[in-house]
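All values below were derived from every heavy atom in this structure, side-chain atoms included, with hydrogens, water molecules and symmetry-related copies excluded. Given the structure is predicted, the values throughout are model-derived calculations rather than measurements. Letters A, B, ... mirror the listed sequences (proteins, then strands); counts begin at 1.
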Amino acid sequence: MDSLIQLKNVSKHYGKFMALRYVNLDVAEGEVVSVIGPSGSGKSTLIRCINLLEHYDDSGKITVNGTVVRKGADLKNVRANVGMVFQNFNLFPHMTILENVKLAPMRVGEISTEAATKRALRLLDNVGISDQADKYPGQLSGGQQQRVAIARALAMKPKILLFDEPTSALDPEMVGEVLNVIRKLAGQGVTMIIVTHEMGFARQVSDRIVFMDAGQVVESGTPADIFDGAKEPRTLTFLKNVLEQ
Amino acid sequence: MHFQKLSLKFVLILTSLAAYLVPVSAASTGENALIVGANIGNVPWEFQDTAGELIGFEIDLVNEVAKRLDRAIEVINIPFNGLFSAVQSSRIDIAISSITITEQRLASVSFAQPYYDSDQSLTIRSDSSIQSINDLQDEVVAVDTGSTGDIWASENQQQYGFKEIRRYEGLAPAALDLQIGRVAGYISDIPAMQYYTKDKPELKVVERIDTGGSYSMMFRKDDELALSVNEIITNLKQEGFVNELHNKWFGVLAEETTSTAKVTAMPGVKAGLLLNFMDTFLNKAVFVETLPMLLLGLTTTLKLGLVSIVLGLFFGLLLALIRLYAPAIARVTAKIYINVFRSIPLLVLLIVIFYALPFVGISLSPFTAAATALIIVSSAYTAEIFRSGIEAIPKGQFEASQALGLSFVHMMKDVILPQATRIVIPSLTNNSINVIKDTALASVVAMPDLLKQATQAQAIAANPTPLIAAAGIYLLVLLPMVLAVSHLEKKYSKRNQ
């Protein structure tokens with residue numbers, strides 16, 4: 001089976017501490033994978049290795065769309081294929097919403113200003129904020145900012161979107177609007193890996209759930225496999241704790 | 001962040017002005033000693049022998065005068081163009097330094113009767129083809145700031161077609177530049193130059209320039225001390241003491257017709273002119289007369305400041321990026337550069353660049369030398385400012401740029417630097433203001449900047465008004481800069497909220 005993303009035996013050391021332990025993971029094109037697990041279990045580190053925001057140990061290997069993810073000339077291709085949405089949005093505060101979304105297509109995709117503007121406005125329309133295009137990020141609510149960040153991540157037409165706890169920094173009343181946007185995307189064939197604490201959402205949108213603990217993939221399977229029939233004691237404990245809240 | 005805690009220019013102006021603002025009466029020291037100001041190093045009038053003892057024609061003369069006044073003596077070393085403010089403020093009682101009596105100076109100070117008739121002279125390098133003033137067309141000539149030579153050269157610049165008059169603070173730096181070849185000739189008092197070149201075969205006095213000035217001791221205007229000293233000089237001339245000094249220092253007796261031998265009248269005191277505060281500090285006539293000179297100086301200051309600021313910013317940014325992101329060797333080199341040039345006083349660097357580099361074959365013009373020193377130091381400070389700005393940008397901004405696939409150059413240009421620059425605008429502006437202030441240091445390499453022009457003007461007019469005016473001009477230029485920046489800061493911070 002062809003995997004769009006392939007992690008083989010991936011580990012990550014911070015000094016002596018091992019943040020990832022021999023992780024193997026294959027994600028097929030169009031698949032939506034949610035990564036769950038307790039804080040500090042290595043979920044964020046895992047997806048940050050996929051576009052090399054974190055370097056992983058030489059012993060492992062990650063490929064994206066057939067390209068090995070390492071420092072070098074090919075990294076550009078990898079990043080062009082992988083969009084990322086951060087917990088803290090990381091919008092560029094000195095640019096308008098429109099400029100934020102336009103920047104990468106103009107600088108990396110090298111398309112004309114006109115085409116970039118058109119594409120950006122369409123994307124902003126998709127996430128429901130085209131009327132705010134000329135405002136600055138500081139003038140928007142957290143939910144709106146995160147939707148802009150999603151539009152920005154989509155601007156390079158990536159095959160893959162990585163979400164790093166996209167709703168964790170939001171006020172509760174804004175979580176819904178962001179999740180709705182992601183839900184809509186999930187139905188459009190974009191391959192996604194989502195690190196999240198929203199269990200209901202994960203269950204609903206995912207093709208597969210990956211449960212991590214202590215830097216390892218403990219268990220993975222369909223939402224039903226994990227939420228209704230987890231076998232590993234650590235998964236069961238985690239789910240029990242989360243669902244009791 | 002500052003080149004100096006206080007920029008030297010203001011220190012210089014303040015020192016000159018302090019003379020007025022805090023008058024220290026010499027008589028109130030209690031020792032009743034005469035305080036004598038002299039530009040030490042002005043051979044053969046007042047200089048130090050190898051043992052460090054003060055000797056010279058005027059030192060001998062003033063010692064004898066003090067003896068006859070039954071007073072002790074204390075000599076303070078003051079640059080030539082600072083002597084005028086020093087007597088006017090009573091910081092010193094007598095100024096000596098082969099000071100020429102002029103009509104203009106008599107309006108603000110008093111002189112005793114002259115004791116030496118001087119002329120100006122042209123000194124050249126011995127291997128030079130120049131033999132007279134007429135050969136100086138399109139050449140650069142050196143003079144002492146505000147001296148008789150300066151006044152003569154300025155008045156005759158057009159007639160002889162001097163390309164440029166370069167003004168120095170004393171004999172030594174001017175003679176050094178003559179030897180290096182930065183100037184073709186040096187116009188200065190003939191006795192001093194004859195004495196100075198005596199044991200220096202590489203320099204030669206080739207022409208006497210008939211300016212007809214006479215030297216005397218200078219006093220605060222209408223100081224009664226001037227009258228007493230004048231009387232003593234009369235006696236000393238009659239006794240032949242003064243002419244003996246001439247014999248001692250020049251090897252011959254002066255002719256009977258000269259003021260060294262003959263008793264003369266005390267230079268005419270202009271009647272009814274009692275100088276009040278306004279006449280001294282804010283003299284309208286002096287202001288009007290010297291304003292064109294000051295504005296010319298301002299142009300030089302702004303040109304030098306602008307070039308230094310712009311190139312300093314450019315190299316500073318480059319250094320900051322090397323310091324942060326280049327391979328280890330370049331990073332360490334940048335770090336060493338930044339630390340070294342933040343530790344060296346700008347003035348020292350400037351003097352090394354201007355006076356030492358010619359000995360390894362690099363002879364820079366005053367403008368290039370001053371700009372080079374300012375840029376070297378400014379870029380070191382600017383680099384640290386930019387680095388602090390870049391380091392203040394949240395990590396997420398770098399990560400978002402990388403995740404979008406932006407190249408390093410685009411990440412810096414589009415995302416990081418625009419934000420970092422906004423953060424450091426106050427520091428960059430402070431630095432720029434300091435660069436403009438520090439252009440005043442260029443005075444020492446004979447750059448006609450605003451301070452230099454003001455110093456020259458106050459020496460010629462023997463009046464501090466040009467210095468006050470220069471301070472005002474600096475304020476007029478820099479204050480709007482400060483205000484404009486606060487305005488920009490406010491605007492940006494509003495936008496980023």
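- Looking at A/Pro93 and B/Gln397, their side chains come closer than 4.5 Å, going by heavy atoms from C-beta outward.
- When the shell of 6.0 Å around CG of B/Leu483 is examined, it contains more than 12 heavy atoms from other residues, nucleotides or ligands.
- For B/Ser401, the parts lying near chain A are the backbone and the side chain together; criterion is any non-hydrogen pair under 4.5 Å.
- Heavy atoms of A/Arg48 lying under 4.5 Å from chain B belong exclusively to its side chain.
- Put simply, CD on B/Gln402 and CG on A/Leu75 are 8.5 Å apart, with the number rounded to the nearest 0.5 Å.
- Side-chain atoms of B/Glu399 do not come within 3.5 Å of backbone N or O of A/Phe86 as any donor-acceptor pair.
- Scanning both residues, A/Val108 and B/Leu404, for their nearest heavy atoms gives CG2-O, 3.9 Å.
- Other residues, nucleotides and ligands place more than 12 heavy atoms under 6.0 Å from the CD atom of A/Gln188.
- Using a 4.5 Å cut-off between heavy atoms, A/Asn51 touches chain B through its side chain atoms alone.
- Checking side-chain atoms of A/His94 against main-chain N and O of B/Asp414 turns up a donor-acceptor pair under 3.5 Å.
- A heavy-atom distance below 4.5 Å is not found between the side chains of B/Ile416 and A/Phe92.
- Ranked by heavy-atom pairs under 4.5 Å with chain B, the first of A/Leu162, A/Val78, A/Val85, A/Leu91 is A/Leu91.
- Considering all non-hydrogen atoms of both residues, B/Ala400 and A/Asn90 come closest at CB-O, 3.6 Å.
- Minimum heavy-atom separation, B/Ala403 to A/Met84: CB-CB, 4.0 Å.
- Ranked by non-hydrogen atom pairs under 4.5 Å with chain B, the options A/Val82, A/Asn88, A/Leu103 are led by A/Leu103.
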